[in-house]
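A quick note: this is a predicted structure, and the numbers were derived from the prediction, not measured.
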Amino acid sequence: MKRYKNPIIALGAAAVLAVAPSLATVAGSAPARRTAIVNDTSAVSTDSLLAATPLFDRLFLAAVNDQLAGNDSMAMARYDSCLAINPDAAEVYYRQALFYEDIDNDSLSAQSLERAAQLQPGNDTYQEKVAASYIQKRDYKSAIKAYESLYAHHHERTDVLELLVRLYGTQNDYANMLHTADRMEQEDGESDELTFLKMNIYEMRHDKKNALRMLKHVCDRHPYEPNYKVMLGNWLRNNDDKKEALTQYEAALKLDADNEYALSSLSDYYRAEGKTDAADMLRDKILFSPKTADKTKASLLQNAIRESEKAGGDSLPVLRLFDNTIKASPKSVDIINLKAMYMKLKNMPEDSVNATFEHVIAIEPENVTARVNLIQNLWPAKKWDKVIKLSREGTQYSPEEMAFYYFLGIAYFQTDREDDALDALKRGVSEINEKSDPDIVSDFYAMMGDILYKKNRPEEAFAAYDSCLQWKDNNLMALNNYAYYLSEKRINLKKAETMSARTIKAEPTNATYLDTYAWILFLEKRHEEAKAYIDRALENDTDSTEGPSAVVIEHAGDIYNACGDHKHAAELWQKAIDAGGNKEALERKIKKSLQ
């Protein structure tokens, strides 16, 4: 019986106003570590140091040095001594705040920051730091006060105004949002972005009149920009002014007859009005134009698929749409890929689906999506030669894609080309980086362990298993194989027992895992416990119609024999012979047990 199973891989401006999740990022949510203490020399007030006594200077600088060296308790004691000399030393409170932040004591850090900011309201570092802390605590009202204070000293800081717009948004204070947007406009001048920002604020307070005024203002500034006319048309259609919306779409098309944004919006307009033929005609014009972006075509085709499925799922009109689109843009691999995926969804003949994926690869050999899908389609039929060819080419065109090494390694393994399989897996491991999928990396090392053990290189196999479990500590097949192979070598049985126990806890009816655990207990001379688990293994070993495997039955015989039930042991060994076990060795066991 195999100790493992062969793995098969199945493989606009309004958003700116979404406040709470993004504020901490903008304000700087990560706590300041010691590097901040080293670099932030601006936080030390020269005036305060000059006004202090020389003793204060010595104590403060010594405290900073202690803090940098990690002697935190000594640093904090010296900061306290500094405050005893000068209780209004803002820089001391600031340094204490950094320490408290470093140990995640947010409450004391906030208190110290606030005190530093109160003592020196003109210090930008203190003000900005305390404002950010308010955001982290979701105390947006206090954050608004802090940032308004900061902006009062720095009118060139429009980034502060951007943050204030969001903060006022948390309070639904639309008047101050608009006022702040106006201040941004005074500093930076008029822009489309700011006009859209104000438009969205008006929409948030349900002031459609002024929202429309802002949108028209942008259009008036750009009379020859068709996309703005389409944007205005869409707004009007969504607000039930269909007649004027149509006027805007037509005006956009007069400026640019092939504008896909205008054509698409007009098509949606006709479809909503029940004019399906007119809508389809415009959709086809967009799809069959070589000028249209593939992304737009893909979106329209996906809509056509959804509409088709709602109407009963007739695939023929959809396929004709795909074919005519591909005819207009024969090298649009994204569209051909989409067609193949649709054909797969509709359970069309596999040869036709595979031919479509092959069409993609012929145009763009480095297309990972098509190649992976083609390999997966060939996998169940065990067409290993084709899988090897496709995977090997995949490693050449996309050497960073680990899946191809994985497919290649398994396919080689299935065809008994173990050296080639090992080479493929090792090359895949060389591509591991911080973005690699831990599950895939773990499986790489697990397969390497299986192959290395089979090649009688146990030390390398165990090292591979260790690497496997570092990436995924609950890789059950690896835990089982590692444990069993340790038991075969009669080494580290406690480690083997611990690993095997995890597998049966996860899958208590898995006969392979139960057999491994029972066998380890047997080797540890815990025979009665081993008998309980081997009985469960026999009950659950139903992988084949012929019943339990010869290995499990032989193990059961060994365990029963060790428990003193020699007759039943002999019966089990005979069953193991019948199941295909080593007849000569098993007959010797039978003869010896019955003497």
Would you indicate whether Tyr174, at its atom OH, is surrounded by more than 12 heavy atoms from other residues, nucleotides or ligands within a distance under 6.0 Å?
-> yes

Do Asp124 and His154 have a side chain donor and acceptor closer than 3.5 Å?
-> yes

Donor on one side chain, acceptor on other, Tyr79 and Gln67, under 3.5 Å | yes

Side chains of Glu187 and Tyr151: closer than 4.5 Å at any heavy-atom pair?
-> yes

Can you name the closest pair of heavy atoms from Asn475 and Cys468 and give their distance?
-> ND2-SG, 3.7 Å

Taking atom CG of Asp182 and atom CG of Leu194, what is their separation to the nearest 0.5 Å?
-> 9.0 Å

Residues Glu244, Asp241; criterion side chain to side chain contact (heavy atoms under 4.5 Å, CB included); working and verdict = CA-CA 6 Å; Glu244 183 57 28; Asp241 192 345; 3.4 Å; yes

Inspect the contact between Glu309 and Lys346 and indicate whether a charged nitrogen and a carboxylate oxygen are less than 4.0 angstrom apart.
-> yes

Would you say the side-chain atoms of Tyr168 pair up with the backbone N or O of Leu178, donor to acceptor, closer than 3.5 Å?
-> no

Under the side chain to side chain contact (heavy atoms under 4.5 Å, CB included) criterion, do Ile432 and Ser430 qualify, and how do the steps go?
-> CA-CA 6 Å; Ile432 293 173; Ser430 70; over 6 Å; no

Considering only NZ, NE, NH1 and NH2 on the basic side and carboxylate oxygens on the acidic side, decide whether Glu273 and Lys242 come within less than 4.0 Å.
-> yes

Return the minimal non-hydrogen interatomic distance between Ala143 and Ala131, and the atom names on each side.
-> CB-O, 4.0 Å

Kindly write out the residues that satisfy salt bridge (Lys or Arg N to Asp or Glu O under 4.0 Å) with Glu185, not counting sequence neighbours, or none if the list is empty.
-> Lys198

Taking atom types as modelled and ignoring hydrogens, do the side chains of Asp466 and Tyr445 form a donor-acceptor contact shorter than 3.5 angstrom?
-> no

Got Tyr228 and Lys216 here, is their nearest side-chain heavy-atom distance under 4.5 Å?
-> no

Note, Asp284 side chain near Leu321 side chain (heavy atom, < 4.5 Å) | yes

Where the side chain of Asn373 meets the backbone of Thr369, is there a donor-acceptor pair that is under 3.5 Å apart?
-> yes

State, with a plain yes or no, whether a side-chain heavy atom of Ile103 is found less than 4.5 Å away from one of Leu108.
-> no

Under 3.5 Å, is there a donor-acceptor pair linking the side chains of Asn227 and His222?
-> no

Do you know the tightest heavy-atom contact between Glu366 and Ser398?
-> O-OG, 3.5 Å

Polar contact flag, side-chain donor to acceptor under 3.5 angstrom, Thr296-Glu260 = yes

Checking Thr195 side chain against Ser191 main chain: does a donor-acceptor pair fall under 3.5 Å?
-> yes

Can you check whether Leu197 reaches Glu193 side chain to side chain, under 4.5 Å on heavy atoms?
-> no

Do Glu203 and Arg213 sit within salt-bridge range, that is, some charged N less than 4.0 Å from a carboxylate O?
-> no

Decide yes or no for Gln96 and Leu83: does some side-chain heavy atom of the first lie under 4.5 Å from some side-chain heavy atom of the second?
-> yes

Looking at side-chain heavy atoms only, is the closest gap between Asn176 and Val165 below 4.5 Å?
-> no

Measure the shortest side-chain to side-chain distance between Thr125 and Tyr94 over non-hydrogen atoms and say whether it is less than 4.5 angstrom.
-> yes

Of the non-hydrogen atoms in Asn259 and Leu253, which two are nearest, and what is the gap between them?
-> O-CD2, 4.3 Å

Is any NZ, NE, NH1 or NH2 atom of the basic residue among Lys129 and Glu101 found under 4.0 Å from an Asp or Glu carboxylate oxygen of the other?
-> yes

Answer yes or no for Arg115 and Tyr93: cation-pi contact, defined as NZ/CZ to six-membered ring centre under 6.0 Å and angle to ring axis within 45°.
-> yes

Taking Tyr202 as the fixed residue, which of Met204, Met199, Arg205 is the one that meets the side chain to side chain contact (heavy atoms under 4.5 Å, CB included) rule?
-> Arg205

With sequence neighbours excluded, tell me which residues meet ring pair (Phe, Tyr, Trp, His ring centres under 6.0 Å) with Tyr465.
-> Tyr482

Has the side chain of Ser289 got a donor or acceptor atom that lies under 3.5 Å from a matching backbone atom of Lys291?
-> yes

Met74 atom CE: more than 12 heavy-atom contacts under 6.0 Å = no

Salt bridge between Asp139 and Lys137, side-chain N to carboxylate O under 4.0 Å?
-> no

Polar side chain donor-acceptor pair, Asp207 to Asn210, under 3.5 angstrom = yes

For the pair Thr292 (side chain) and Ile286 (backbone), establish whether a donor and an acceptor sit closer than 3.5 Å, ignoring hydrogens and angles.
-> yes

So Glu190 and Arg221, salt bridge (charged side-chain N to carboxylate O under 4.0 Å, His left out) or not? Walk me through it.
-> CA-CA 11 Å; Glu190 192 176 49; Arg221 285 209 303 266; 3.3 Å; yes

Where do Phe404 and Val368 land on the side chain to side chain contact (heavy atoms under 4.5 Å, CB included) test, with the steps shown first?
-> CA-CA 9 Å; Phe404 294 127; Val368 173; 4.2 Å; yes

Hey, mind stepping through Arg271 and Asp268 against salt bridge (charged side-chain N to carboxylate O under 4.0 Å, His left out) and telling me if it holds?
-> CA-CA 5 Å; Arg271 201 171 300 281; Asp268 292 341; 5.3 Å; no

Between Arg166 and Thr170, is a side chain to side chain contact (heavy atoms under 4.5 Å, CB included) present by the stated rule, with each step listed?
-> CA-CA 7 Å; Arg166 303 184 192 187; Thr170 64; over 6 Å; no

Verify the distance criterion only: is there a donor paired with an acceptor across the side chains of Ser81 and Arg78 at less than 3.5 Å?
-> no

Using the ring-ring contact (aromatic ring centres under 6.0 Å, His included) rule, take Tyr140 and Tyr134 through it: C-alpha gap first, then chi angles, then the decisive distance, then the call.
-> CA-CA 6 Å; Tyr140 299 132; Tyr134 288 138; over 10 Å; no

Step by step, would you call Glu250 with Lys229 a salt bridge (charged side-chain N to carboxylate O under 4.0 Å, His left out)?
-> CA-CA 9 Å; Glu250 291 172 343; Lys229 294 188 184 299; over 6 Å; no

How close do Pro438 and Trp471 get, heavy atom to heavy atom, and via which atoms?
-> CB-O, 3.6 Å

Exercise: identify the closest heavy-atom pair between Gly394 and Arg371 = CA-CD, 3.6 Å

If we ignore angles and hydrogens, is there a donor and acceptor under 3.5 Å between the side chains of Glu114 and Gln118?
-> no

Quick one: does Arg237's side chain have a donor or acceptor within less than 3.5 Å of a partner on Lys243's backbone?
-> no

Do you see a donor-acceptor pair shorter than 3.5 Å between the side chains of Ser332 and Lys297?
-> no

